[in-house]
2 protein chains.
Amino acid sequence: MVNFIGFNQILIIICMTEKEQNTEERILIAAKQVFLRKGMAGARMQEIANEAGINKSLLHYYYRSKDKLFLAVFRLAIQNFLPEIKSILLSDVLVTEKIDRFVEGYMNVLLNNPFVPLFILQEIQRDPDRLLNIFLEEGIQPQLILEQFERAVQKGEIKAVDPKHLLINILSLCIFPIVARPMMQRMLYDNDSDAYNEFLRERKKVVSEFVKNAIKK
Amino acid sequence: MVNFIGFNQILIIICMTEKEQNTEERILIAAKQVFLRKGMAGARMQEIANEAGINKSLLHYYYRSKDKLFLAVFRLAIQNFLPEIKSILLSDVLVTEKIDRFVEGYMNVLLNNPFVPLFILQEIQRDPDRLLNIFLEEGIQPQLILEQFERAVQKGEIKAVDPKHLLINILSLCIFPIVARPMMQRMLYDNDSDAYNEFLRERKKVVSEFVKNAIKK
DNA sequence: TATATTTTTGACCAAATGGTTAAACTTTAT
DNA sequence: ATAAAGTTTAACCATTTGGTCAAAAATATA
């Protein structure tokens with residue numbers, strides 16, 4: 001008998017869109033879709049299985065429980081943000097230039113992962129201690145930014161502001177318009193998605209200017 | 001036989017903390033507690049009944065379904081914010097003074113209702129059309145603020161800024177630190193609640209200055 | 001090719017959950 | 001005091017839901 005395994009594998013590779021990647025990865029992607037939109041409490045294992053186009057039992061075969069699968073998604077969500085942020089924070093430029101880059105880069109990541117922030121805020125409210133620990137494990141270090149602001153103040157590059165307030169200001173201005181998009185797009189732009197996208201594009205400059213204006217001596 | 005009804009009522013009045021107000025109201029208060037913290041998907045009818053100290057059937061007796069009870073809570077949450085905001089917006093003072101008052105008043109309401117914003121953002125993401133309609137029914141008019149900003153620009157009171165960006169900036173700076181409190185209090189203040197309260201107090205001034213600095217000519 | 005191992009599936013289960021109902025209890029009206 | 005109306009309760013119900021299991025299918029190994 002002829003061995004069709006190789007042929008099948010070739011088929012699989014060709015039809016990547018349908019049977020793309022291994023099952024474990026497909027589950028994770030489907031779980032991300034569902035968990036990010038519905039949260040832990042609103043997500044259904046069956047819906048994740050449907051989204052992945054596989055049998056529900058496979059979710060447990062690969063991830064054991066809903067909680068474990070959720071944790072994998074939570075980690076993934078964090079990892080979507082970390083690299084971009086770290087590379088900017090570690091770059092060696094003036095603090096004002098760094099703020100420009102941060103706002104630009106951070107808002108880009110937010111636009112590509114619009115469901116992540118509300119998801120994270122929601123879930124941290126539900127189970128703060130455990131999930132904040134995961135943040136630490138994934139290597140989030142707000143201290144890093146705060147120190148940079150402090151040094152910039154000492155060196156006289158910027159006005160003497162509380163670095164914590166400055167950090168929260170920047171995060172607020174970037175994150176809120178994404179988190180509140182379903183509300184604001186309807187209230188301010190008659191639910192015109194293109195118009196709100198344009199608004200968010202403008203916003204990169206607006207936020208940069210807004211922040212820099214507040215810290216220039 | 002002696003009529004004990006009057007005596008019972010007196011007891012009820014005395015023990016207001018225990019049997020306070022009528023059942024319908026007690027249910028609404030309990031439902032608010034649970035829905036605001038857990039959201040529609042995470043809330044349990046039994047938990048609400050326990051919180052109210054009554055039988056679960058009474059929830060359905062007074063509010064028919066979980067969905068109806070949720071809607072009542074959603075309306076209530078909006079109403080907690082409206083009066084304060086409206087009174088400030090309608091006051092006849094300079095735009096800079098109005099921003100001061102708005103930030104002060106809005107952040108006070110937020111501190112008294114810290115779970116409302118995340119709750120609303122979460123639920124609007126789940127069912128945007130229906131819930132945004134409720135917002136309109138309750139009389140939210142962002143147009144009101146936008147027009148005031150526009151007029152202030154025309155009269156030359158403030159720099160020519162896009163009123164929508166200005167509005168989102170103010171809302172962001174006020175709302176985000178409350179919504180992200182479970183996260184930020186831990187990351188920036190070692191979970192010291194008093195320290196974060198102090199941070200939020202300072203913030204009223206910081207935000208006011210931050211915003212006014214961005215719009216002064 | 002035959003055998004062991006891994007992957008996938010459908011049937012099933014127990015607990016949880018929103019909701020119903022009839023009876024008991026309380027209050028009001030007559 | 002009695003009947004009527006309103007309120008409260010416990011027992012139930014149907015469905016949903018996370019999870020299990022044994023058998024089937026596919027794959028790897030010998």
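Within every chain, numbering begins at 1; the chains are lettered A, B, ... in the order of the sequence lines, protein sequences first and strands thereafter.
Side-chain atoms of A:Y61 lie closest to C:dT6 of the nucleotides D:dG19, D:dT9, C:dT6. Distance from the side chain of A:L58 is smallest to C:dT9 among C:dT17, C:dT9, D:dT8. Nearest nucleotide to the A:Y62 side chain, out of C:dT7, C:dG18, D:dG19: C:dT7. Distance from the side chain of B:N55 is smallest for D:dT9 among the nucleotides D:dT9, C:dT8, D:dT7.
Summarising the geometry, the separation between NZ on A:K66 and P on D:dT20 is reported as 14 Å, rounded to the nearest angstrom. Rounding to whole angstrom units, CD1 of residue A:I54 and C1' of C:dT6 are separated by 16 Å. Atom CG in B:N50 sits roughly 13 Å away from atom C1' in C:dT17 (whole-Å rounding). Spacing between atom OH of B:Y63 and atom P of C:dG19 amounts to 15 Å, rounded to whole angstrom units. When the P atom of D:dT17 is taken as reference, atom CG of A:L69 falls 16 Å away, rounded to whole Å. The CG-P distance, from A:N22 to C:dT6, rounds to 16 Å in whole Å. To the nearest angstrom, C1' of D:dT15 lies 16 Å from CE of B:M45. Whole-Å rounding puts the A:K38 NZ to D:dT17 P distance at 10 Å.
Between the side chain of B:S57 and the base of C:dT20, a donor-acceptor pair under 3.5 Å is found. Between the side chain of B:K56 and the base of C:dG19, at least one donor-acceptor pair of N or O atoms lies under 3.5 Å.
Not less than 6.0 angstrom separates the ring centroid of B:F115 from the ring centroid of B:F119. Annotation: B:F199 is in aromatic contact with A:H165 [ring centroid separation under 6.0 Å].
Residue B:A49 is classed as having no contact, given no heavy-atom separation below 4.0 Å to the nucleic acid.
Looking only at distances, a side-chain donor or acceptor of A:E123 sits under 3.5 Å from a matching main-chain atom of A:M40. Of the possible polar contacts, one joining the B:K98 side chain to the B:L89 backbone as a donor-acceptor pair under 3.5 Å is found.
The side chain to side chain contact (heavy atoms under 4.5 Å, CB included) test with A:Y106 is passed by exactly one of A:I88, A:L111, A:L171, A:I170: A:L171.
B:R44 has a side-chain polar atom (N or O) that falls below the 4.0 Å cut-off from OP1 or OP2 of C:dG18.
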